[in-house]
Each structure stands twice: as structure tokens, then as C-alpha cells.
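Worksheet for the structure shown next.
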There are 2 protein chains.
Amino acid sequence: MPKIGMEPLRRKALIDATISTIGERGTLNVTVAEIAGRAGVSSALAHHYFGPKEELLQATMRQLLADLGRDAVSALSRSATPRERVSAVISVNFNAGQFREETVHAWLAFYVEAQNSPPLRRLLRVYARRLHSNLMSGLAPLASRPEAERMAEAIAAMIDGLYIRRALRDGLPNPASATALVEDYVDAKLRQQANTP
Amino acid sequence: MPKIGMEPLRRKALIDATISTIGERGTLNVTVAEIAGRAGVSSALAHHYFGPKEELLQATMRQLLADLGRDAVSALSRSATPRERVSAVISVNFNAGQFREETVHAWLAFYVEAQNSPPLRRLLRVYARRLHSNLMSGLAPLASRPEAERMAEAIAAMIDGLYIRRALRDGLPNPASATALVEDYVDAKLRQQANTP
DNA sequence: TATTTTTAATTGACTGATCAATCAACAAAA
DNA sequence: TTTTGTTGATTGATCAGTCAATTAAAAATA
């Protein structure tokens with residue numbers, strides 16, 4: 001049933017299948033055959049469109065990053081004050097879409113694989129830089145430059161840390177409590193700023 | 001050269017080789033043959049002493065945990081005040097021994113593998129619980145129960161997060177700055193306590 | 001319009017490499 | 001001679017990646 005114009009559909013299906021397979025398995029050690037099977041095609045077709053497995057993984061990572069980026073832009077556009085911008089960045093990261101068991105596991109697996117794969121490493125750096133700059137866009141007006149930098153670094157670390165812990169014990173920090181924990185930090189720091197000007 | 005009493009020596013050499021191999025490679029995807037080679041023995045001997053590969057990995061994880069535990073106990077015993085206990089727990093985690101590139105990568109790899117291996121998952125939970133209780137031993141006298149719990153959770157998340165970030169960008173949070181970041185959080189929170197009693 | 005030709009989609013079967021795990025055999029100490 | 005330490009060789013399974021062959025749509029040609 002070769003209908004033309006299948007390529008974009010297949011690519012998407014394969015990337016989606018990659019996310020869900022890695023998410024369920026909790027590791028990047030998944031076979032191309034299983035991914036392809038879930039996408040309803042043969043492994044040969046996956047190689048036909050993506051070449052080596054590594055490229056399929058990179059494309060998947062890019063998709064994850066793009067999803068997160070889109071949500072972040074949309075959330076930021078809805079915030080009026082700097083403080084709201086900070087909250088927006090935090091909440092996006094613990095959003096329903098991103099904070100699902102599946103996605104968390106996939107992220108973790110990619111984090112580890114990035115140690116070995118320069119392309120994946122580069123992609124993760126993009127994420128880290130973007131998170132940092134999004135946070136700074138809200139923090140800069142609220143604190144001195146070095147203090148804002150420090151806070152951005154701490155917030156980013158807390159977000160990543162809550163992810164990793166979420167993956168470990170299954171579920172302790174639910175989205176709401178994770179957000180609350182980070183917000184609590186921001187509040188404490190900003191109150192400290194106000195008290196010692 | 002079969003001298004008797006080799007077993008404990010070989011076991012230790014194999015575990016050490018496992019840590020360094022995983023650390024350098026940045027993944028648990030290392031062959032038994034390579035580990036054994038580094039330990040100066042054949043892969044058959046590794047299987048002879050540890051059985052399946054999985055068991056060698058578990059033994060390695062236990063070793064990592066034991067090292068961290070020993071350091072924690074020793075650091076806690078040297079602290080007089082509750083505030084010092086908190087600092088001790090934080091600094092142990094960013095200590096030279098634990099925070100080396102090698103060890104960081106190994107930890108990360110184990111975190112991911114724990115998604116698939118119930119025994120590894122259990123071991124990591126032991127670590128998480130111990131970290132939490134160590135932190136609480138210092139925080140409990142300094143804040144209300146729920147506030148102390150919140151701080152312990154946040155500190156633990158920051159520690160894990162700084163680990164993961166350390167692995168990603170090569171080197172940004174050095175031990176000193178990582179410690180400073182977490183201490184800054186603790187100070188901010190405690191000052192907030194003092195200001196609104 | 002009817003035909004031939006080209007192109008896109010798709011897969012089953014295969015290859016080659018990699019590894020975990022086993023085992024029979026041997027060496028030396030007790 | 002029994003026990004402990006040790007390995008080379010082998011097996012069996014798993015996979016990534018390739019390739020030739022097949023189908024049908026689309027384009028070109030008659």
C-alpha cells in the first residue's frame with residue numbers, strides 16, 4: 001500500500017514510538033525493531049528514514065526539546081511581571097505534558113547517554129542554556145546580577161534534581177509539591193533580598 | 001600462581017575496575033571482559049566470583065554507597081551544632097572523593113539502570129533515605145517539622161541536580177561553588193525563619 | 001486514453017559483530 | 001588427593017545495519 005507522502009508521517013510515528021518505548025523501558029537500550037514495531041513498520045524502514053539508530057535518538061531528543069521550548073515560550077508570553085516569568089518557567093518544567101513518568105524516564109536516559117554522544121550532549125546544553133536564560137529574564141529585574149545568576153543556577157539544579165528523584169522513588173514529588181518546593185526557595189531568597197537591601 | 005586467599009582481593013579489584021570502567025565510559029554498557037581486563041584477570045574469573053553481570057553491578061553500587069556512608073558518619077561525628085551537621089552532610093556529598101568526574105558518571109548510570117533493576121532501585125532508595133535522615137538530624141532543631149522536611153527535600157534535590165549538571169556541562173559547578181549554592185539556600189531559609197517567628 | 005517508465009514505500013532475509021555465560025581442563029597450594 | 005584459583009575456547013543469543021525484491025502510485029509517453 002505505498003501511498004506517497006508517507007515520510008513525514010512515518011518519521012513522526014517513529015519518534016513518538018521511540019519516546020514511549022524508552023519511557024516504558026526506562027533506558028536507551030531499546031532495539032530498533034521494537035521501536036519500529038510500535039510504529040507499525042519494519043526495522044528496515046526505520047533505518048531507511050533515519051539511517052543509524054543514533055540519528056533516530058537525536059531526532060527524538062530534538063522533538064522533546066522542541067516540545068518543552070514551545071510550552072516555555074507560550075507560558076512566558078502569558079506572564080506580565082518578572083516574578084510571574086520565574087513562576088512560569090518553573091511550572092512549565094513540572095507541567096503535565098513534561099512530567100509524565102514516560103517522559104521523565106526518557107529524559108534521564110538521554111542525560112546518561114549524553115556522556116558518550118557529543119551530539120546529544122550538545123542538545124542537552126541547548127536545553128540548559130535556554131532554561132538559564134528564561135530564568136534570568138525573570139530574575140534579572142529582581143536581584144543583582146550575581147545574585148540572579150546564583151538563583152538561576154539553584155533553581156535549575158532543583159528542577160533537575162526533582163526530576164531524578166521523581167524517577168527514583170515513584171511519585172513522591174508530584175507536580176504540585178515539586179513546584180511548591182522551588183517556589184518556596186524563590187520566595188525565601190527574594191524576601192532575604194528585601195530584608196537586607 | 002594460585003595462591004590461596006585470593007577471593008577477597010579479586011572481588012575488590014573487580015569492583016574497583018567496575019567503578020573506573022563505568023566512570024570513564026559514562027555508561028553501564030561496559031563488557032565484563034573489559035572490567036576483568038582492568039582488574040588483571042579473565043572474564044571467566046569475574047563470573048566465577050560474582051555470577052551474572054548484574055550481581056557485579058549490585059556489589060559495585062553497594063561499595064559506592066558504603067563509601068559515601070562511611071564519609072557521612074565520619075563528617076557528622078565531627079560536627080557539634082545542628083547547623084554544622086547540615087553543612088557536614090552537604091559537604092560530604094560534594095567531597096573530592098564523591099564528586100569526581102568518574103564517580104559522578106557512575107552514579108548517573110546507576111540511577112538510570114535502577115529504573116529496570118529492582119535490586120539497584122532498592123539500593124538507591126537506601127541512599128535517598130539515609131541522606132534525608134542525615135539532613136533531618138541537623139534540621140529538626142532549627143525549624144518546625146514540616147519546614148524541616150521541606151528543606152531536606154529541597155537540599156536533596158539540589159544535590160542530585162548539581163550532580164546531574166556537573167555531568168552535563170563539563171565542570172561548571174566545582175565542589176566549592178556547588179556547596180556554596182546549597183549553603184546559600186539553607187542560610188536564606190533559616191534567616192527567613194528568624195525574621196518571621 | 002492507454003501504455004510504459006520512473007519513483008516512493010516497504011519488507012523479509014541475511015550478515016557480521018558483540019557479549020554474557022559456561023565448561024572442561026590445568027596448576028599449585030594444602 | 002582434595003581444594004582453590006584460573007583461563008581459553010566455545011556456545012547461544014541479540015542486534016544494528018544492508019540489500020535485493022515487491023508493490024503501487026505518479027509521471028511521461030505514445
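The figures here come from the full heavy-atom set of this structure, side chains too, leaving out hydrogens, waters and symmetry mates. Numbers restart at 1 for each chain; the letters A, B, ... are given by sequence-line order, proteins then strands.
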What pairs of nitrogen or oxygen atoms, one from the protein and one from nucleotides 4-7 of chain C, lie under 3.5 Å apart?
none

N or O in side chain of A/Arg10 less than 4.0 angstrom from C/dA8 OP1/OP2: no
Parallel, tilted or perpendicular, as decided by the 30° and 60° cut-offs, for the rings of B/Trp107 and B/Tyr127: tilted
Neighbours of DNA chain C within residues 28-45 of chain A, by heavy-atom distance under 4.0 Å: A/Val41, A/Ser42, A/Ala44, A/Leu45
Nearest listed nucleotide, side chain of B/Tyr49, among D/dA25, D/dG5, C/dT10: D/dG5
Between P of D/dA16 and NZ of A/Lys53, the distance in whole Å: 4 Å
Over 12 non-hydrogen atoms of neighbours within 6.0 angstrom of CZ in B/Arg11: yes
B/Gln193 (side chain) donor-acceptor with B/Lys189 (main chain) under 3.5 angstrom: no
4.5 Å side-chain heavy-atom contact, B/Arg85 and B/Met136: no
Between D/dG17 (C1') and A/His47 (NE2): distance, integer Å: 5 Å
B/Glu149-B/His132 side chain donor-acceptor pair, cut-off 3.5 Å: yes
Of residues 110-120 of chain B, the positions that come close to DNA chain D - non-hydrogen atoms, cut-off under 4.0 Å: none
Atom CZ of B/Arg25: over 12 foreign heavy atoms under 6.0 Å: no
